[in-house]
Amino acid sequence: MPVLLPVSRRTLLIGTAAGAALLACPAILRAAGVRFEDDPFTLGVASGCPRPDSVVLWTRLAPKAEEAGGSLFAAAPPALEGPVEVAWELAHDERFERLAARGTALATDDWGHSVHVEVTGLEPGRWYFYRFRAGGQQSPVGRTRTAPAPGSAMDRLRLAFASCQQYEHGYFTAFRHMAAQDFDLVVHLGDYIYEMSWGKKYVRQHGTGIPTQLWEFRDRYALYKSDPDLMAAHAAAPWLAIWDDHEVANNYADDHSPKTRQPEQFLAIRAAAYQAWYEHMPVPPAMAPQGPSLRIYDRYRFGDLLDMTLLDDRQYRSPHPCGNDRTGGDDCAERFDPARSLLGREQEAWLDGALQDAQGRWTLIAQQTLMSELDREPGPGTAYAMDGWDGYVASRDRLLSAIETHKPANPLVIGGDVHAFWVSDLKKDFQNPSSPTLATEVVCTSVSSQGPSAKTMQAGREDNPHIRYGRGDKRGYASLDLTPKQALFGLEAVDSVERPDGTVSRLASFAVEAGKPGAEPA
């Protein structure tokens, strides 16, 4: 598989004669060989993967995003073929009077004319501004931030986390609010797109069927990323992103899909989906997929305040227990099988090492879904979601045992997927309310996807004593304001996603005090 030229950075220091010459001649920065009549930056700009000395800048040239593939080469005749040189600039100020770095990257049709620039040699803990130029057109300006230096003292870190943005179910009001809140970081926990249409009421339309080929996945991403509120959130702060199932196929598990029975056929779909995800996310060129394989699990450090791990609970998991990807009760013994894993044994071992090595005042595990046990059947019966951690009990037990054994400082878990706000205690033994609390979990609701049934929410609140809070009738996102002494979670709710002028207000707040696992209303 061809590899996108990683940077072609040609970074120039502003103090040099060459840098001064370029500053005097901005036209030199323009991409050569092509002129765009239409704006090629219709999908906006983004940044991500912040390290103390680097950050990734992203854009994708799509002057005709509404046409096939959302790319430069529309169906017939092709609008443009071949590589396009894209110039980029990174500055200390929004007017770009104090440049920190500049260079060019090559956008190729092999990667949907996406650009992934990993800018290195930056100062830690600094805000920067960036932009792109190509074919006589200039992109919007984005803002990004490097991570603080390892071990450096931090007083505060503010981040937002979100998941599940079904385009047809409503507007992305949560992202508009998020963009205005001056967060240091945004963490997206999956279901960035939906491959399928479902639900009872549509506010907008996909306009096409379920994607299975690369150009179809590109179309879907182009549709979602053209949303102005999502573009604003990407431009406002760096992102860390992981996927869940709908980026590929609902409830898939490794090479198993409920709707595509032949593994070989499904892996071809997964390869197309993973490539489209890579093409549209602010991740480094080193993450480019190899066919149906793409590693997204990773770890990040933010000064002395936070160690964060990002997990992948789809690509390596065992098949669903008892042949069921929906719900089941205690009669499904296979869900307790220690040979089965949600993360895969290699990722489990990696996570164990990361927890052992954690050095921050807080330890955050960012993963896709609700980790706490959740009996979804009101009363004496039981019902568990087989597609989540309840279908992989031994795998969850190993993760919680690693927390208990290695004792990383102040462990927190965040998740999404289930379209509801949940705040819970992660217990050593969920069946014993007096069992030690090993970590605090907060799950964000969906950005727009329709919520769970009232029956599920009732059972969750009444039959699971480790659940501190549950609400599924609101859409939105969650925030985390982290200081050395406290983690303050805000549950940010949209009043309505069915109209574009919805507003956001805080539904509830929960605080975790350092050294005291368990969230309390704040």
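Keep in mind that this is a model prediction, so the values were computed, not measured.
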Is it true that the NZ or CZ of [X] lies under 6.0 Å from the centre of [Y]'s six-membered ring and within 45 degrees of the ring axis?
{"X": "Arg51", "Y": "Phe302", "value": "no"}
{"X": "Arg158", "Y": "Phe183", "value": "yes"}
{"X": "Arg143", "Y": "Phe129", "value": "no"}
{"X": "Arg131", "Y": "Phe96", "value": "yes"}
{"X": "Arg295", "Y": "Trp350", "value": "yes"}
{"X": "Arg314", "Y": "Tyr316", "value": "no"}

Heavy atoms from other residues, nucleotides or ligands near CG of Asp155 exceed 12 (cutoff 6.0 Å): no

Is there a side-chain contact between [X] and [Y] (heavy atoms, below 4.5 Å)?
{"X": "Leu482", "Y": "Arg156", "value": "no"}
{"X": "Tyr300", "Y": "Asp298", "value": "yes"}
{"X": "His206", "Y": "Tyr224", "value": "yes"}
{"X": "Arg133", "Y": "Gln137", "value": "no"}
{"X": "Tyr128", "Y": "Val55", "value": "no"}
{"X": "His234", "Y": "Val45", "value": "no"}

Indicate yes or no: does [X] engage [Y] in a salt bridge with an N to O separation below 4.0 Å.
{"X": "Arg220", "Y": "Glu195", "value": "no"}
{"X": "Arg506", "Y": "Glu492", "value": "yes"}
{"X": "Asp93", "Y": "Arg98", "value": "no"}

Listed once per pair and sorted, the salt bridge (charged side-chain N to carboxylate O under 4.0 Å, His left out) pairs that draw on residues 259-272, sequence neighbours left out: Asp254-Arg270

Test salt bridge (charged side-chain N to carboxylate O under 4.0 Å, His left out) applied to Arg317 and Asp387, Asp325, Asp255, the passing residue: Asp387

Verify the ring-centre separation between [Y] and [X]: is it less than 6.0 angstrom?
{"X": "Phe175", "Y": "Trp239", "value": "yes"}
{"X": "Trp277", "Y": "Tyr192", "value": "no"}
{"X": "Trp88", "Y": "Tyr130", "value": "no"}

Result of checking Leu157, Leu159, Leu412, Ile414 against Met308 for side-chain contact (heavy atoms from CB on, under 4.5 Å): Leu159

For the side chain of [X] and the backbone of [Y], is there at least one donor-acceptor N/O pair under 3.5 Å apart?
{"X": "Ser449", "Y": "Cys164", "result": "yes"}
{"X": "Gln166", "Y": "Glu168", "result": "yes"}
{"X": "Gln165", "Y": "Phe172", "result": "no"}

CA sep, side-chain torsions, deciding dist, call: Arg475, Ser448, side-chain hydrogen bond (donor to acceptor under 3.5 Å, both in side chains): CA-CA 6 Å; Arg475 316 278 65 81; Ser448 59; over 6 Å; no

Stepwise ring pair (Phe, Tyr, Trp, His ring centres under 6.0 Å) check, Tyr477 with His188: CA-CA 10 Å; Tyr477 70 99; His188 199 283; over 10 Å; no

